[in-house]
Amino acid sequence: MPPAEEIQRYLSGAWRLMMGRQDGLRMLDLTVDGFWNSFFAIIVALPALVVGWVAVANDSSLFDPGFAGRLALVIRLAIIDLGAWVLPIAVLALVARPAGIADRFVHYVVATNWASALTLWIMLPPALIRLFWPGATELVTLLSLGLFVVTLVLLWRLTNVAIGKGPAIATSVFCGMFVASLVALFVLQTLLGLSMQ
């Protein structure tokens, strides 16, 4: 795992890219090691993810309410979320050359991995409200929707800078990855018996 000061620099770089600033790329490690190290962003995001998983497990009426049932549900939610993070990147690796973005693949993956950790922390407040105030469904839904729209805008801006081939190509990559993430999410939910959640 990269040292804490490097992780802070990578997160700062990702944030600058989300603000549309090209200089954010200079704060990232775009080497082969930096590519693989960027997946440590999952560890950075893990506390925020766990809060969401626990909130869903506490809310669930479809599964065993005991500790073992909740733990099993949390494990399935973890597999789904981590699969929805990693599988679209694997698909992009396969299509990057035909799509003409192979030269920016590492830039994009490193940037989005660190940005994904940031967006998961941005999305934490609704999960915390759901965890500690289960009856606030409308507030959670409204706040989640608002933050979701904000993070989509920020991630599109990051994609535009990281891909560096203009808004049309950035939009294509952004939409393709968004759809791939949704497909991975729905397929994994179905395979793990959570399609009703």
Side-chain angles (χ1 to χ4, degrees), residues 1-2 7 10-11 13-15 17-18 20 24-25 28-46 48-50 52-53 56 74-123 144 147-197:
M1 184 161 176
I7 290 174
Y10 302 152
L11 292 172
W15 180 253
L17 290 169
M18 292 164 87
L25 282 173
L28 302 177
D29 182 354
L30 301 176
T31 65
V32 173
D33 285 342
F35 173 84
W36 293 113
N37 282 340
S38 72
F39 288 93
F40 281 106
I42 294 170
I43 305 300
V44 173
L46 201 54
L49 285 166
V50 168
W53 300 334
V56 171
V74 166
I75 290 169
R76 284 190 272 181
L77 291 168
I79 292 168
I80 290 165
D81 280 350
L82 298 179
W85 183 321
V86 174
L87 292 175
I89 294 172
V91 171
L92 184 63
L94 297 174
V95 302
R97 191 163 303 285
I101 58 166
D103 60 326
R104 301 296 282 195
F105 173 74
V106 170
H107 299 67
Y108 174 77
V109 172
V110 171
T112 54
N113 276 341
W114 293 113
S116 293
L118 286 174
T119 58
L120 285 164
W121 281 98
I122 291 170
M123 295 295 294
S144 295
L147 290 174
F148 180 67
V149 170
V150 168
T151 58
L152 285 180
V153 171
L154 294 175
L155 289 172
W156 181 87
R157 290 166 78 172
L158 175 138
T159 302
N160 188 40
V161 176
I163 294 294
K165 295 182 184 290
I169 303 255
T171 301
S172 298
V173 172
F174 178 80
C175 291
M177 291 298 283
F178 183 72
V179 170
S181 294
L182 288 179
V183 169
L185 190 72
F186 292 138
V187 168
L188 289 169
Q189 283 179 341
T190 302
L191 289 174
L192 294 173
L194 297 182
S195 55
M196 297 293 292
Q197 288 296 333

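What you are looking at is a predicted structure, and each value in this text was computed from that prediction instead of being measured.
- Atom OG of Ser172 sits about 10.0 Å away from atom CD1 of Ile163, to the nearest 0.5 Å.
- The line from CG of Leu11 to CG of Leu28 is 9.5 Å long, rounded to the nearest 0.5 Å.
- At least one donor-acceptor pair under 3.5 Å links the side chain of Trp121 to the backbone N or O of Val44.
- A 4.5 Å side-chain heavy-atom check between Leu152 and Trp156 finds every atom pair outside the cut-off.
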(request) For the pair Arg76 and Val56, evaluate side chain to side chain contact (heavy atoms under 4.5 Å, CB included) and give the outcome as yes or no after the intermediate values. (result) CA-CA 11 Å; Arg76 284 190 272 181; Val56 171; over 6 Å; no

(message) Under the criterion side chain to side chain contact (heavy atoms under 4.5 Å, CB included), I'd like the reasoning laid out for Tyr10 against Asn37: C-alpha separation, chi angles, the key distance, then a yes or no.
(response) CA-CA 10 Å; Tyr10 302 152; Asn37 282 340; 5.6 Å; no

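- To the nearest 0.5 angstrom, Asn160 atom CG is 10.5 Å from Ile169 atom CD1.
- In this model, no donor atom of one side chain and acceptor atom of the other lie less than 3.5 Å apart for Trp114 and Ser38.
- Between Leu82 atom CG and Ile42 atom CD1 the span is 5.5 Å, to the nearest 0.5 Å.
- Using cut-offs of 30° and 60° for the angle between ring planes, the Phe174 and Phe178 rings count as parallel.
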(request) I would like to know whether Asn113 and Phe40 meet side chain to side chain contact (heavy atoms under 4.5 Å, CB included); could you show each step before the answer? (result) CA-CA 8 Å; Asn113 276 341; Phe40 281 106; over 6 Å; no

(request) Might you work through the side chain to side chain contact (heavy atoms under 4.5 Å, CB included) test for Thr119 and Met18, ending with a clear yes or no? (result) CA-CA 10 Å; Thr119 58; Met18 292 164 87; 3.5 Å; yes

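- With a 4.5 Å cut-off on side-chain heavy atoms, Leu17 and Leu25 count as touching.
- The CG atom of Leu49 lies 10.5 Å from the CG atom of Leu77; values are rounded to the nearest 0.5 Å.
- Checked by atom type, the side-chain pair Thr31/Asp33 shows no donor-acceptor distance below 3.5 Å.
- Of all the heavy atoms in Trp85 and Leu120, the pair that sits closest is CZ3-CD1, 3.6 Å.
- At a threshold of 4.5 Å between non-hydrogen side-chain atoms, the residues Val183 and Leu87 do not count as touching.
- Considering only heavy atoms from C-beta on, Met177 comes within 4.5 Å of Ile89 through its side chain.
- Considering all non-hydrogen atoms of both residues, Ala45 and Ala117 come closest at CB-CA, 3.9 Å.
- Nearest heavy atom pair, residue Val95 against residue Pro98, reads O-CD, 3.2 Å.
- If you take CD1 on Ile80 and CG on Leu188, they are separated by 6.5 Å, rounding to the nearest 0.5 Å.
- Inter-residue side-chain proximity for Ile122 and Val150 is flagged as unmet; no heavy-atom pair is nearer than 4.5 Å.
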